[in-house]
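Computed from a predicted model, the values in this text were never measured in an experiment. Quick note on labels: first sequence line is chain A, next is B, and so on, each numbered from 1.
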Number of protein chains: 2
Amino acid sequence: MSPGQPGFSTRERILGVAETLFARHGFAGASLRQVTAAAKVNLAAVNYHFGSKESLIEEVFRRRLDELNRHRLDALAAVAAKPEHTLEDVLDAFVRPALEQSMDDAGGSAFVRVLARAYAEHDERLRRFLSDNYGHVLREFAAAFGRLLPHLDKDELYWRLDIVAGSLTYAMADFGMIKRREAVGEHRERTVRHLIHFAAAGLRAP
Amino acid sequence: MSPGQPGFSTRERILGVAETLFARHGFAGASLRQVTAAAKVNLAAVNYHFGSKESLIEEVFRRRLDELNRHRLDALAAVAAKPEHTLEDVLDAFVRPALEQSMDDAGGSAFVRVLARAYAEHDERLRRFLSDNYGHVLREFAAAFGRLLPHLDKDELYWRLDIVAGSLTYAMADFGMIKRREAVGEHRERTVRHLIHFAAAGLRAP
DNA sequence: GGGGGTATCAAACGACCGTTTGAATACTAG
DNA sequence: CTAGTATTCAAACGGTCGTTTGATACCCCC
């Protein structure tokens, strides 16, 4: 069960439910009344605990991004420590933490879709927030990729990484039209494998 | 100038403005009052000409998708007629029509972002509409790709095409965090080139 | 040149939005 | 137990939402 029920504080229930509803209906499309009703808390609780809907949205991001960033940087450090690491290793360090977070509870899988929503929102405020809390991780990965792909100049490298980030976002958020048949966990593991395989070839292209 | 002004019918002005506002603020985020105000038409005009907001959204899609589908299928037919066409040719037939449509007027470039929005909306109604009006084109391209990539079984092929579609959607919608410096047209041409290069390598991977 | 569909308009509908209030309740420290 | 703080609650605020209405203007054909 998602953390929208007893055993969790009001604050946690709101965050959990908001995450899934934002994923499902967008930030404008999910109302605080829907959120508080599903979380079984009073309507005013959102403004009491978070101040505003905008702040609630940011908190939904902060909570997961902090964790995701940490895991990604840890994984990258572990890879970099190996003397002969490959492109696939670095890609794995980037993709797998997102995968694992999206499986550790029901809310996590929603968050990946929330993140994809954020890309679709061209809202400047939200983009700045994401860039502030996310940019340094992307820069570290870019450096690691750059060392493994010395034949690409900086401009070319960033173009390709942008494409990788795009296909990752899209694939992890399950936007694709093609219907899947397997269980969620198995499907996601296959997604990661295909993504790494595809991205590695694209990055290595002359 | 976008078609939000004199010389265009009320209906066309609404469609043009709705397209850019939906791209900017999402379907829930852009209100009919904003749309009609920017189009300089009466609020009731939307319900008079389209029946409802939902139908307006669908009409925004239908108008551009019909044109895009036609151009893509024409380009694919032209490529298929060449006896020795390459993977890059088919990718170009898929990517370039989207590129050209997004440059022929100001609204077109907004539409690509609207399309990306639609992916983010997990709304079942909208997805069915897209699949009904878009699926046959994707299937034709899948067949063309399949003939050029006989080493991939059907399942593997669809996985990779899904990734290609994802990176295309993302890149064309300009979601990336990396800031671009060139003029819009030049930027878009470079996007297509990078995308085709990257996708071809990913598809050809063993 | 008047009649009839077509289009536009201001105004209003009820519903829902995010937020605020002030009282009621729960909890905790002295 | 009590004083004081932290939380929950029902209710209401003004505003905006999509949609409907009925009157008004337009336009073209008979």
Donor-acceptor list for residues 135-149 of chain A side chains, cut-off 3.5 Å, not counting sequence neighbours:
none

Next item on the list: For B:Arg160 and A:His197, run side chain to side chain contact (heavy atoms under 4.5 Å, CB included): C-alpha distance rounded to whole Å, both residues' side-chain angles, the deciding distance at 0.1 Å, then the answer.
Entry: CA-CA 10 Å; B:Arg160 300 204 189 183; A:His197 189 64; 3.4 Å; yes
Note to self: Test of understanding: with side-chain contact (heavy atoms from CB on, under 4.5 Å), list the residues that count as partners of B:Asp89, not counting sequence neighbours.
What the structure shows: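 By the side-chain contact (heavy atoms from CB on, under 4.5 Å) rule, B:Asp89 matches B:Val79, B:Lys82, B:His85, B:Thr86.
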Check: Under the side-chain contact (heavy atoms from CB on, under 4.5 Å) test, which residues partner A:Thr10, sequence neighbours left out?
Finding: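 Residues passing side-chain contact (heavy atoms from CB on, under 4.5 Å) with A:Thr10: A:Ile14, A:Val41, A:Ala45, A:His49.
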Item checked: Residue pairs involving residues 128-137 of chain A (criterion salt bridge (charged side-chain N to carboxylate O under 4.0 Å, His left out); sequence neighbours excluded) ->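 Checked against salt bridge (charged side-chain N to carboxylate O under 4.0 Å, His left out) - neighbours excluded - no pair reaches residues 128-137 of chain A.
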Separation of [X] atom [atom1] from [N] atom [atom2], in whole Å?
X	N	atom1	atom2	answer
A:His49	D:dT8	NE2	C1'	8 Å
A:Ile57	C:dT19	CD1	C1'	15 Å
B:His25	C:dC17	NE2	C1'	17 Å
A:Leu21	C:dG18	CG	C1'	16 Å
A:Lys40	D:dT8	NZ	C1'	16 Å

Next item on the list: Begin with the C-alpha distance, continue with both residues' side-chain angles, and end with the deciding distance and a verdict on salt bridge (charged side-chain N to carboxylate O under 4.0 Å, His left out) for A:Arg193 and A:Glu88.
Entry: CA-CA 10 Å; A:Arg193 210 171 57 242; A:Glu88 279 81 359; over 6 Å; no
Next item on the list: Heavy atoms under 4.0 Å is the rule here; annotate nucleotides 13-28 of chain D 5' to 3' with B where the base is hit, S where only the sugar-phosphate is, and - elsewhere.
Entry: ----BBBBB-------
Item checked: B:Thr10 side chain near C:dT8 phosphate (N/O to OP1/OP2, under 4.0 Å) ->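 Affirmative; the distance criterion is met.
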Margin query: When the axes are fitted on five pairs at both termini, how much does the helix from C:dG4-D:dC27 to C:dG30-D:dC1 curve, in 10° steps?
Written below: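 Both end axes considered, the difference amounts to 10°.
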Notebook entry, point to check: Below 4.5 Å, heavy atoms only, C-beta onward: do A:Leu195 and A:Leu91 meet side chain to side chain?
Noted result: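 Of all side-chain heavy-atom pairs linking A:Leu91 with A:Leu195, none is under 4.5 Å.
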Next item on the list: Return yes if a side-chain donor-acceptor contact under 3.5 Å exists between B:Glu156 and A:His194, otherwise no.
Entry: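 Yes.
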